[in-house]
Amino acid sequence: MMSGGFGEPLAYSLRIEKILQRRRGDFDIIHDNQCMGPGILKLHREGWPLLETLHHPITVDRSIALDHAETAWKRYTTRRWFGFLRMQMRTLKQLPAVLTVSHNSKIDINAQMHVRSIGSPSCRSASTTRSFALRRRRQEEGPPDGHFSSDVPMKGLVPLLEAIAKLRAERDIDLIVIGKPSRRSRRVGAGASRSHRHRDHDLGRQ
């Protein structure tokens, strides 16, 4: 971490491998959610039934972060931060199967993370409307609220603000956004201005 890299996927995979050595009879299957460190690969080689989940290629996050880097130093530190990707790609190529959430994600993972030898099954990341349905929202319940971990385009905040702006041409609608865009965020600022930002409530960070 002190060198600017994100070392948690490596460190966690080594920790969990040591912990599970003492608990072989406690679990039927190991489900790894995007850690993909060498410790996870070691669990597989030790005979643990292993399922790996990868929602999308993390190379996409790196590309978006680099697109938003405004200086050469920022681009350098961004590449350092995403250095764990090389480790994850090496691990991914040696795992028996990868579960992802859509056919498009499967194509992107194979293309961008170079794991063409792995057949990635996909499962739908959604609820069936046969079992679940949205209840009608009462007026007194207030406006919908949105939670975003960051304001990069991948999180979808700008399209949401633009959609709210279009809906306001047809009906009276408000949106509560919990969080704050970064000071350098031009994309969110532009989207918010198109969505009449003075009507959106910023509750700040807790």
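Computed from a predicted structure; not experimentally measured. The analysis underlying the following values was restricted to heavy atoms, covering all of them including side chains, and did not include hydrogens, waters or symmetry mates.
A distance-only check finds a donor-acceptor pair linking the side chain of Thr100 to the backbone of Leu54 [under 3.5 Å]. For His44 (side chain) and Ile40 (main-chain N/O), no donor-acceptor pair under 3.5 Å exists by modelled atom type. Using modelled atom types, one side-chain atom of Gln34 and one backbone atom of His55 make a donor-acceptor pair closer than 3.5 Å. In this structure a side-chain-to-backbone donor-acceptor pair under 3.5 Å is missing from Asp108 to Gln112. Glu170 contributes no side-chain N or O that, together with a main-chain N or O of Lys166, makes up a donor-acceptor pair within less than 3.5 Å. Put simply, the side chain of Ser105 never gets that close to the backbone of Val101: no donor and acceptor are under 3.5 Å apart.
Annotation: Arg86, atom CZ; neighbour count of heavy atoms from other residues, nucleotides and ligands within 6.0 Å does not exceed 12. For Arg79, the CZ atom sits in a loose shell: 12 or fewer heavy atoms of surrounding residues, nucleotides or ligands are nearer than 6.0 Å. Around the CZ atom of Phe84, the shell of radius 6.0 Å holds more than 12 heavy atoms that belong to other residues, nucleotides or ligands. In this structure, Asp28 places its CG atom where only 12 or fewer heavy-atom neighbours from other residues, nucleotides or ligands lie under 6.0 Å away.
Ionic pairing of Arg15 and Glu8 is present here: one or more N-O contacts between side-chain nitrogen and carboxylate oxygen are shorter than 4.0 angstrom.
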Evaluation steps, side-chain contact (heavy atoms from CB on, under 4.5 Å), between Leu92 and Ile109:
CA-CA 10 Å; Leu92 198 61; Ile109 290 168; 4.2 Å; yes

Start with the C-alpha gap between His56 and Asp61, add the side-chain angles, then the distance that decides, and say whether side-chain contact (heavy atoms from CB on, under 4.5 Å) holds.
CA-CA 9 Å; His56 65 273; Asp61 302 67; 2.6 Å; yes

Checking Ile19 against Arg22 for the side-chain contact (heavy atoms from CB on, under 4.5 Å) test, could you report, in this order, the C-alpha distance in whole Å, the side-chain angles of both residues, the deciding distance, and whether it holds?
CA-CA 6 Å; Ile19 291 172; Arg22 305 187 298 269; 4.2 Å; yes

Begin from the C-alpha positions of Thr53 and His31 and carry the test side chain to side chain donor-acceptor pair (under 3.5 Å) through to its verdict.
CA-CA 7 Å; Thr53 293; His31 180 200; 2.5 Å; yes

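Phe6 CZ to Trp81 CH2: the interatomic distance, rounded to the nearest 0.5 Å, is 5.0 Å. Rounding to the nearest 0.5 angstrom, the gap separating the CG atom in Leu51 from the CG atom in Leu99 is 5.5 Å. Taken from CD in Gln88 to CZ in Phe82, the straight-line distance is 10.0 Å, to the nearest 0.5 Å. Atoms OG and NZ, on Ser13 and Lys42 in that order, are 10.5 Å from each other to the nearest 0.5 Å. Taking OG1 of Thr59 as the start and CD1 of Ile64 as the end, the distance is 10.0 Å to the nearest 0.5 Å. Between Arg90 atom CZ and Leu41 atom CG the span is 10.5 Å, to the nearest 0.5 Å.
Ring orientation note: the planes of Trp48 and Phe27 are tilted relative to one another, at an angle of 30° to 60°.
At least one side-chain heavy atom of Glu52 sits less than 4.5 Å from a side-chain heavy atom of Met36.
Considering every non-hydrogen atom in both Leu14 and Pro38, the closest pair reads CD2-CG, 4.3 Å. Annotation for Lys74 and Ala69: closest pair CG-CB, 3.5 Å, computed over non-hydrogen atoms. Nearest approach of Gly47 to Arg24, heavy atoms of both residues: O-NH2, 3.1 Å.
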